[in-house]
Amino acid sequence: MVRALHRVLLGATLLSSIGAAVPAAGRPTAAQAPAQGARARAAAIVAKMTLAEKIALVHGLFPPMAKGKTLNELIPSAGHIDGVPHLGIPLVRESDASLGVANQVEQRKGDVATALPSGLATAATFDPAIARDGGAMIGAEARAKRFSVLLAGGVNLTRDPWNGRNFEYLGEDPLLAGTMAGAHIAGVQSNHIVSTIKHFALNAQETGRTVVDAKIGEAALRMSDLLAFQIAIEIGKPGSVMCAYNKVNGDWACENAHLLNDVLKRDWGYRGWVMSDWGAVHSTARAANAGLDQESGQELDHAIYFADALEAEIAAGRVPMARLDDMVIRYLTGLIETGAYDAPAKDAQAIPYDTHAEVAQRAAEAGIVLLKNDGDLLPLARSAKRVVLIGGRADVGVLSGGGSSQVRSVGGAPVEIPLTSGAASSFARVTWHASSPLLAIRAAMPQAQVTWIDGSDPAAAAAAAKAADVAIVFATQWTTEAQDVPDLSLPDRQDDLIAAVAAAQPKTIAVMETGGPVLMPWLAKVPAVLQAWYPGQRGGPAIANILTGRVNPSGRLPITFPASAVQAPRAAPVGLDRLTSAEAQAAADPGHAGDHQLASFPVDYAEGADVGYRWYEKTRATPLFAFGHGLSYTRFAYRNPVVTDGAKLSISFEVVNTGKIAGADVPQVYVAREGSATPMRLAAFRRVTLKPGQATRVTLVAEPRILADYDPALPGWRIVGGRYRVALAHDATDRALVSSATVAAATMKP
Ligand code: BGC
């Protein structure tokens, strides 16, 4: 393996290429130009509308609570906005979410949909094509079920390992999360429906989510969460942006003029509409003037702010009529640009669930991460005659995450446990998808006797493990919207169970069905660990295929796994200690907002832009498993790397599959300015699939905004000229191949 990279001068070429890629503010690119036509068309429609018609489009119903408010059919789902038939404006129905068409507590009896694996699983593929395919599949189902808006596109960075919604998101890195979210959104919208992107911004914890005031500096915010949104919006062009529940630097996200007017609409030139999260509106004039375009699920707010109250504020001159026009123009522009206006979802269509399930399975197979495989215990040897599976309800299915993203998947829910307490209790149930690992492993290992025991008795489990050739423990950690996990340990004494099994059977494998990182105190005793996330409706076969080697694992961690909770910027959910259980529910469940008058409390994101792996590098902490880590049943080497000048900072190298079977690798490029205290940042990545012995040359181009810092005084992105370290790496801590390039100073618009 060639370790020396070539140092080059980038000079003026980098500057000019950045200038070409990022147009000056206000100057539309070729790609944007036709869309200006969408706004003009929307404006012409709005010019024909009465005040009442305009007002009717800027507040949406929450169907479960909106009986009698429309003559049109209300599908039990998240949202409904009547159309204006005489002007051709379509009725719009909205459904959650990123993992499929949700049906959380089976409010639509018997209505099933295909469940993708969790967002973190999709992110772990590091493959935008997989994200796009998943989006296209669930978008097709949304359309077939008569929804014109899918509330998908969750891209909040996973700042804290205990966040209850991490499973919905795409990890801790802005380039990875933004790229994958953009692809997912583009896939959804390829069905001529709208995907939102959400939750704008810094909705980084669930504890007290409706009262938290997220504190962060401008530069840090632009370089982290906002950069993920910016990249995703550029790639996916979502018709709508959903503002969040929380405050950001003192202002509610849905009335935050800086976020909505300055950043989103002015700096990024965003043309679609801003919809509120459900129950996230707090005012009329203030919110409208700050850039909120539509109040969603109005019945969940303390008052209906964007109907009569908005009309009154317009009459009083506190909201200009031009602002109302802009609100409606943006709504129609989002619908027109995606095609939802001209081809609205109207009639229910048949859904090819079998082919859709294959999309979900491919995503799961590509996203499962082999964390550890000592002695090549995996893939399971053909000689294994007695295999015992333990726990996790692996007899009947795989766990799913809870909350608004909950899909009732094809095949139903073999296990469904209602909640009796907690912030999510009114709208979430602990739910398994009907995809049995036991049946799938039996089918994949016809030569073996494969059995399952529930794991409730560690001693019995240890005895069963001892009597078998190999033991596979299925560990589960249920996480949900509206609640963070109180700590990072597996619940229900599963650590004891795994330790007992591993003590009895040296060939023990742990399969982790968790929302995100958990601690693994038994790790030294367990030779093989598979991170299966929530693997979706084909999770059983996906896990079986990886365990038996029919599929070579290729997932890479999109989130750092800490070795102990104190390594993370915040060891536990902030504010959990100050809220009673009733208050926690009120502060996280919009349906209960208003039951209590809760004081806002600050959460200081002191790590700033150094989220995830960057924080670990900065604090010199060694994680349990690094961002980007993931093993394979083959090996990959990187050869002959060359950093070139050319148009951009790029690195070209050969990826070689040096093992005996086909597999996929994800080479990663990290950059940092030499001599600065800034940790290295992921600047480019690519998933490549190679046959045994095959080599391919890959060129990765560094994203300029990753090389840059955000300078609020400019305002804009500023690349400090000088020498940069460039690491070609297998994960965020790999520094085997590092060289330096000299980059010229440059600036870019915000
Ligand atoms: C969630 C959103 C979701 C909305 C509608 C909110 O509680 O935060 O992600 O889209 O509900 O169900």
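Note that the coordinates shown come from a computational prediction; the quantities given were computed from them, not determined experimentally. The analysis underlying the following values was restricted to heavy atoms, covering all of them including side chains, and did not include hydrogens, waters or symmetry mates. In listed order, ligands and their atoms are each counted from 1.
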* Structure fact -> In this structure, atom 10 (O) of ligand 1 is nearest to the protein heavy atom Asp96 OD1, 2.6 Å
* Asked: For Phe167, which of Thr158, Thr514, Thr480, Leu99 qualifies under side-chain contact (heavy atoms from CB on, under 4.5 Å)?
  -> Leu99
* Atoms in ligand 1 flagged as close to His199, the criterion being non-hydrogen separation under 4.0 Å -> 2 (C), 8 (O), 9 (O)
* **Other residues, nucleotides, ligands: >12 heavy atoms within 6.0 Å of Asp308 CG** => no
* How long is the gap from CD on Glu206 to CZ on Arg165, to the nearest 0.5 Å? -> 5.5 Å
* Asked: What distance do Thr333 atom OG1 and Arg271 atom CZ have between them, rounded to the nearest 0.5 Å?
  -> 8.0 Å
* Using a strict cut-off of less than 4.0 Å between a Lys/Arg side-chain nitrogen and an Asp/Glu carboxylate oxygen, indicate whether Asp293 and Lys265 qualify as a salt bridge. => yes
* Mind checking whether Trp278 has an N or O less than 3.5 Å away from an N or O of ligand 1? -> no
* To do: Return yes when Glu168 approaches ligand 1 closer than 4.0 angstrom through a heavy atom, no otherwise.
  => no
* **Of Leu576, Thr207, Val574, the residue whose pairing with Asp484 passes side-chain contact (heavy atoms from CB on, under 4.5 Å)** => Thr207
* What part of Met275, side chain from CB on, backbone N/CA/C/O, both or neither, has a heavy atom under 4.0 Å from ligand 1? -> neither
* Structure fact -> re atom 4 (C) of ligand 1, the protein heavy-atom contact at minimum distance is Asp277 OD1, 3.4 Å
* Arg209/Glu481 ion pair, N-O < 4.0 Å -> yes
* **Where ligand 1 meets Arg165 - atom numbers and elements under 4.0 angstrom, heavy-atom basis** => 1 (C), 2 (C), 8 (O), 9 (O)
* Atoms of ligand 1, numbered as shown, that sit under 4.0 Å from any heavy atom of Met242 -> 10 (O)
* To do: Using side chain to side chain contact (heavy atoms under 4.5 Å, CB included) as the criterion, list what pairs up with Ser98, not counting sequence neighbours.
  => Ala152, His184
* To do: For Lys198, take its heavy atoms, then give the atoms of ligand 1 lying under 4.0 Å from any of them.
  => 2 (C), 3 (C), 9 (O), 10 (O)
* Structure fact -> With heavy atoms and a 4.0 Å threshold, my read on which part of Arg209 contacts ligand 1 is side chain
* **Glu94 heavy atom under 4.0 Å from ligand 1** => no
